[in-house]
Amino acid sequence: MESDIGFQAALEEARKGAAEGGVPIGACLVSADGKILGRGHNLRMQKGSPTIHAEIGALENAGRLPASAYQGATMYTTLSPCDMCTGACILYKVKRVVLGENKTFVGGEDYLKQRGIEVVNVNSAECEDLMKKFINEHPEEWNEDIGEE
């Protein structure tokens, strides 16, 4: 999975977010036939937005699509998705969520599975290292990003 084009695009997005001084989480939405529909990274700090997480950015950058475009699609994300991003994946009925790691944060994986969405964790050391570095250097921003004090 780490060699998948979608995962590599998500990782590139996470690196881009880190380089911009933001939360280093990236995502990429890939159609059932392997085409990248949209990709994005967390822009909460850069744009002062509470909702532009990586998965939401990928959906936004995919543009307006028919519901059929999402069915069978895979959302690649470098971190276990939060409740908001989990809900977006459920709403658009993506088939699979591939996450880079869940050691630094566990999101809605169980809920995704309950709703029939396949969840795959690739346990990427690079994804984990990016998040650990950010959390250590910016604990307040990280807690704000996940809705904690």
* **Heavy-atom closest contact (Cys127 atom, Gly100 atom, distance)** => SG-CA, 3.9 Å
* Asked: Mind checking what makes salt bridge (charged side-chain N to carboxylate O under 4.0 Å, His left out) contact with Glu109, not counting sequence neighbours?
  -> none
* What's the shortest heavy-atom distance between Phe7 and Tyr76, and which atoms? -> N-CD2, 3.4 Å
* Hey, any chance Leu29 and Leu99 share a hydrophobic cluster, counting ILVMFWY side chains that come within less than 4.5 Å of each other, even indirectly? -> yes
* **Shared hydrophobic cluster, Ile117 / Val122 (ILVMFWY, side-chain heavy atoms < 4.5 Å)** => no
* Asked: Counting only N and O atoms by type, is there a donor-acceptor contact under 3.5 Å from the side chain of Asp4 to the main-chain atoms of Gly6?
  -> no
* **Min side-chain heavy-atom separation Cys89-Leu112 under 4.5 Å** => yes
* To do: Please report the shortest heavy-atom distance between Ala88 and Leu59, naming the atom on each side.
  => CB-CD1, 3.7 Å
* Output, in order, the C-alpha distance, side-chain angles, deciding distance and verdict of side chain to side chain contact (heavy atoms under 4.5 Å, CB included) for Leu65 and Leu37. => CA-CA 9 Å; Leu65 299 171; Leu37 299 173; 4.3 Å; yes
* Side-chain touch Ile135/Thr104, heavy atoms, less than 4.5 angstrom -> yes
* Verdict with supporting geometry, Leu130 and Leu11, side chain to side chain contact (heavy atoms under 4.5 Å, CB included) -> CA-CA 10 Å; Leu130 280 168; Leu11 192 50; 4.3 Å; yes
* To do: Please indicate whether Lys113 has more than 12 foreign heavy atoms, meaning atoms of other residues, nucleotides or ligands, lying under 6.0 Å from its NZ.
  => yes
* Can you tell if the side chain of Ile36 reaches within under 4.5 Å of the side chain of Cys28, non-hydrogen atoms only? -> yes
* Asked: Under the side chain to side chain contact (heavy atoms under 4.5 Å, CB included) criterion, do Ile25 and His53 qualify, and how do the steps go?
  -> CA-CA 8 Å; Ile25 303 170; His53 285 196; over 6 Å; no
* Under the criterion side-chain contact (heavy atoms from CB on, under 4.5 Å), which of Thr74, Val97, Val98 is the partner of Val120? -> Val98
* Check whether more than 12 heavy atoms from other residues, nucleotides or ligands sit under 6.0 Å from atom CZ of Phe105, and answer yes or no. => yes
* Asked: To the nearest 0.5 Å, what is the distance between OG (Ser124) and CE (Met131)?
  -> 12.5 Å
* Structure fact -> By salt bridge (charged side-chain N to carboxylate O under 4.0 Å, His left out), Lys93 pairs with (sequence neighbours left out) none
* Is His41 close to Gln46 at the side-chain level, that is, under 4.5 Å between some pair of heavy atoms? -> yes
* To do: Report yes if some heavy atom in the side chain of Cys85 is under 4.5 Å from a heavy atom in the side chain of Ile56; otherwise report no.
  => yes
* Asked: Which atom pair, heavy atoms only, marks the closest approach of Met45 to Gly22?
  -> SD-CA, 4.2 Å
* Glu60: what forms a side-chain hydrogen bond (donor to acceptor under 3.5 Å, both in side chains) with it, not counting sequence neighbours? -> none
* Asked: Is there a donor-acceptor pair closer than 3.5 Å between any side-chain N or O of Ser80 and the backbone N or O of Gly107?
  -> yes
* Asked: Out of curiosity, Met75 CE to Glu55 CD, how far, rounded to the nearest 0.5 Å?
  -> 6.0 Å
* Could you list the residues that satisfy salt bridge (charged side-chain N to carboxylate O under 4.0 Å, His left out) with Lys133, not counting sequence neighbours? => Glu137
* Thr86 (side chain) donor-acceptor with Pro81 (main chain) under 3.5 angstrom -> yes
* **Contact list for residues 61-73, test side-chain hydrogen bond (donor to acceptor under 3.5 Å, both in side chains), sequence neighbours left out** => none
* Asked: Quick one: CG on Asn42 to NZ on Lys47, what's the gap to the nearest 0.5 Å?
  -> 12.0 Å
* Using the test salt bridge (charged side-chain N to carboxylate O under 4.0 Å, His left out), find all partners of Lys132 that sit at least two apart in sequence or belong to another chain. => Glu128
* **Any side-chain heavy-atom pair of Glu101 and Leu79 under 4.5 Å** => yes
